[in-house]
Amino acid sequence: MFYHSKELHFKARVSKPDPRFATLMLEQFGGGNGELSASMQYFVQAFVCHNPYPDKYDMLMDIAAEELGHLEIVGATIQMLMAGVNGNMKDAVEKNDVFGEKFSKDDFIHSAFSINPQFGTISAGGPMLVNSTGAPWQATYINANGDLTVDLRSNLASESRAKIVYEYLMQFTDDTYVLETLNYLMTREVAHYQQFEAALESIRPNFPPGILQSDPRYSNLYSNHSAGKDGHGPWCEGRSTQFGEEWQYVQNPREQVLETDGLTELKIKGSDRTLASVRAADRKLAKERSGEVRKAVSEKEQQWCEYNAASSRSKAKRQPVEQD
């Protein structure tokens, strides 16, 4: 059940119309890193959490709902930046300048419609589910893989991308009110990042993503596929960040492939893990995770939620009546 409150979550304002920036703002309305994408991603991810991980279900649904509120803020800002356009476009008899003395029609078309002509020809300046160049929003923007350790990492990346888009947008306007709104929206991306990070940390083990723990013969190899001067760093020297394995720097990958029959005869180096220990860990975690899900999901009659008193009355009505 969703409930819409007419008050925006943040006091969105603009100082003056700015069709140029309104076009750019469409990126966060219907773009791949925008608010609709975030809301739909978290909304879809939540369903598989409902029974086995109800706390994560609540978190994902809460943030998805907040993102819809952010979409409303972005849409409202776009509409204010295009102030007067829709009304003037409705005047089909008098071909007036859209903004009268503020903008000539040529200036307006160049500012708002040259990159995205549908903004004017289809919606008359109303927000559309397209990005700043007019490409329509699509479901392929959504990442939902049915595994929390994967989905939460996707969400960290989504929040990072959304934040940087707001940072870039802030460079293209000097409207103090609009900057306040962008700053708020950007900051909420940081908040959500930390919430998803905390949720991921509450799952143990959470590395590597998924269930299978990876083959220790190949998990700590760094292959030098670049000609010229070698570039070294913690990604190929010392110990790996999660398994604590010693990185094995392979100077000549082709030579290694030939010597090990395509890596099939490669020996484990730099790791305390063995193939047997990995298989045992895989079986243990698979049993644990599948057990959590099976335990939480009934194979018989199911009901998504309870309705308290109403549910009790409904159950009472279904009870058979004893006859004397």
Side-chain angles (χ1 to χ4, degrees), residues 1-46 57-87 111-112 116 119 123 125-132 137 141-142 152 154-199:
M1 179 186 298
F2 289 90
Y3 174 84
H4 178 256
S5 173
K6 294 180 176 61
E7 297 82 13
L8 295 181
H9 206 169
F10 183 82
K11 187 176 180 179
R13 299 175 290 175
V14 304
S15 298
K16 58 184 181 301
D18 186 348
R20 174 189 61 89
F21 192 70
T23 304
L24 295 180
M25 280 286 286
L26 282 172
E27 196 63 42
Q28 291 301 77
F29 196 76
N33 301 309
E35 301 294 352
L36 178 65
S37 295
S39 180
M40 289 297 98
Q41 178 159 306
Y42 309 152
F43 184 77
V44 172
Q45 289 174 354
Y57 174 83
D58 286 350
M59 178 199 66
L60 287 165
M61 283 295 187
D62 285 344
I63 298 178
E66 183 181 345
E67 300 288 15
L68 276 179
H70 293 175
L71 182 70
E72 186 176 18
I73 292 172
V74 173
T77 302
I78 291 171
Q79 194 63 52
M80 288 186 289
L81 290 169
M82 300 290 286
V85 175
N86 193 269
S111 297
N116 183 2
F119 202 6
S123 74
M128 299 176 64
L129 288 178
V130 299
N131 67 12
S132 56
W137 186 88
Y141 294 150
I142 306 306
L152 289 171
S154 292
N155 297 351
L156 292 176
S158 296
E159 295 294 332
S160 299
R161 289 190 295 267
K163 177 184 182 291
I164 201 65
V165 172
Y166 279 122
E167 283 191 29
Y168 293 153
L169 283 171
M170 292 169 79
Q171 306 304 313
F172 290 93
T173 182
D174 57 3
D175 189 315
T176 303
Y177 291 151
V178 175
L179 286 170
E180 287 179 353
T181 299
L182 296 177
N183 177 68
Y184 167 76
L185 293 169
M186 181 270 293
T187 300
R188 291 307 298 164
E189 310 297 349
V190 178
H192 294 162
Y193 183 102
Q194 294 175 97
Q195 290 165 345
F196 290 134
E197 189 175 45

**Student:** Determine the minimum heavy-atom distance between Ser37 and Trp137, stating which atoms define it.
**Tutor:**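 Scanning both residues completely, I find the closest heavy atoms to be OG-NE1, 2.8 Å.
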
**Student:** Please report the closest heavy-atom contact between Val14 and Met80, naming both atoms and the distance.
**Tutor:**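 Looking at all heavy atoms of both residues, the shortest contact is CG2-CB, 3.7 Å.
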
**Student:** Could you check whether any side-chain heavy atom of Tyr141 comes within less than 4.5 Å of a side-chain heavy atom of Met40, counting everything from C-beta outward?
**Tutor:**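 No, too far: nothing below the 4.5 Å cut-off.
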
**Student:** What heavy-atom pair brings Asp175 and Ser15 nearest, and what distance separates the two atoms?
**Tutor:**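 Nearest pair, atom of Asp175 first, then Ser15: OD2-N, 2.7 Å.
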
**Student:** Let me confirm one number: the NE2-CG distance from His192 to Leu156, rounded to the nearest 0.5 Å.
**Tutor:**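 That separation rounds to 12.5 Å.
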
**Student:** Output, in order, the C-alpha distance, side-chain angles, deciding distance and verdict of side-chain contact (heavy atoms from CB on, under 4.5 Å) for Met61 and Phe43.
**Tutor:** CA-CA 6 Å; Met61 283 295 187; Phe43 184 77; 3.5 Å; yes

**Student:** If I take atom OG1 from residue Thr173 and atom CZ from residue Phe21, how far apart are they, to the nearest 0.5 angstrom?
**Tutor:**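 Thr173 atom OG1 to Phe21 atom CZ measures 5.0 Å (nearest 0.5 Å).
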
**Student:** With sequence neighbours excluded, what pairs up with Phe29 under the ring-ring contact (aromatic ring centres under 6.0 Å, His included) test?
**Tutor:**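 So Phe29 forms no ring-ring contact (aromatic ring centres under 6.0 Å, His included) with any residue.
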
**Student:** Can you sort out the partners of Tyr57 under side-chain hydrogen bond (donor to acceptor under 3.5 Å, both in side chains), two or more places apart, ordered by chain and number?
**Tutor:**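 Listed in chain order: Trp304.
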
**Student:** Identify the two heavy atoms, one from Ala64 and one from Ser39, that lie closest to each other, and give their separation to 0.1 Å.
**Tutor:**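 Closest heavy-atom pair between Ala64 and Ser39: O-OG, 2.9 Å.
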
**Student:** Please find the pair of heavy atoms, one from Ala12 and one from Thr77, that lie closest to each other, and give the distance.
**Tutor:**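 The answer is CB-OG1, 3.9 Å.
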
**Student:** Does Val165 have any side chain to side chain contact (heavy atoms under 4.5 Å, CB included) partners at least two apart in sequence or in another chain, and if so, which?
**Tutor:**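 Residues passing side chain to side chain contact (heavy atoms under 4.5 Å, CB included) with Val165: Glu27, Gln28, Asn33, Leu169.
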
**Student:** Residues two or more places apart in sequence or in another chain: which of them pass side-chain hydrogen bond (donor to acceptor under 3.5 Å, both in side chains) with Glu7?
**Tutor:**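 Applying side-chain hydrogen bond (donor to acceptor under 3.5 Å, both in side chains) to Glu7 gives Ser5.
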
**Student:** Output every pair passing salt bridge (charged side-chain N to carboxylate O under 4.0 Å, His left out) with a member in residues 158-169, not counting sequence neighbours, ordered by first then second residue.
**Tutor:**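 Residue pairs passing salt bridge (charged side-chain N to carboxylate O under 4.0 Å, His left out), neighbours aside: Lys163-Glu167.
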
**Student:** Pairs in or reaching into residues 58-69: which pass salt bridge (charged side-chain N to carboxylate O under 4.0 Å, His left out), with residues at least two apart or in two chains?
**Tutor:**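 Qualifying pairs: Glu66-Arg188.
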
**Student:** Does the side-chain contact (heavy atoms from CB on, under 4.5 Å) test come out yes or no for Met59 and Leu152, once each step is laid out?
**Tutor:** CA-CA 11 Å; Met59 178 199 66; Leu152 289 171; 4.0 Å; yes

**Student:** Taking the side chain as every heavy atom from C-beta outward, state whether Ser158 and Phe196 have any atom pair closer than 4.5 Å.
**Tutor:**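 Ser158 vs Phe196: side chains apart.
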
**Student:** I'd like to check the side-chain hydrogen bond (donor to acceptor under 3.5 Å, both in side chains) partners of Tyr166; sequence neighbours left out, ordered by chain and number.
**Tutor:**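 Listed in chain order: Glu35.
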
**Student:** If we ignore hydrogens and angles and just use 3.5 Å, is the side chain of Asp18 paired with the main-chain N or O of Leu81 as donor and acceptor?
**Tutor:**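 Pair absent, no side-chain N/O of Asp18 close to backbone of Leu81.
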
**Student:** Taking atom types as modelled, is there a side-chain donor on Gln41 or Ser154 under 3.5 Å from an acceptor on the other?
**Tutor:**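 Short answer, no.
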
**Student:** How close do Ala76 and Leu8 get, counting heavy atoms only, and between which atoms?
**Tutor:**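 Here Ala76 and Leu8 meet closest at CB-CD1, 4.0 Å.
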
**Student:** Is there a side-chain contact (heavy atoms from CB on, under 4.5 Å) between Asn155 and Leu60 once you walk through the steps?
**Tutor:** CA-CA 10 Å; Asn155 297 351; Leu60 287 165; 3.8 Å; yes

**Student:** Looking at residues at least two apart in the chain, or sitting in another chain, which of them share a side-chain hydrogen bond (donor to acceptor under 3.5 Å, both in side chains) with Thr187?
**Tutor:**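 Per chain and number, Thr187 pairs via side-chain hydrogen bond (donor to acceptor under 3.5 Å, both in side chains) with no residue.
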
**Student:** Could you tabulate the donor-acceptor pairs under 3.5 Å formed by side-chain atoms of residues 176-185, not counting sequence neighbours?
**Tutor:**
unit_1	atom_1	unit_2	atom_2	d
Glu180	OE1	Arg13	NH2	3.0
Thr181	OG1	Tyr177	O	3.4

**Student:** How many angstroms lie between CG in Leu36 and CD1 in Ile142, if you round to the nearest 0.5 Å?
**Tutor:**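 It comes to 7.0 Å.
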
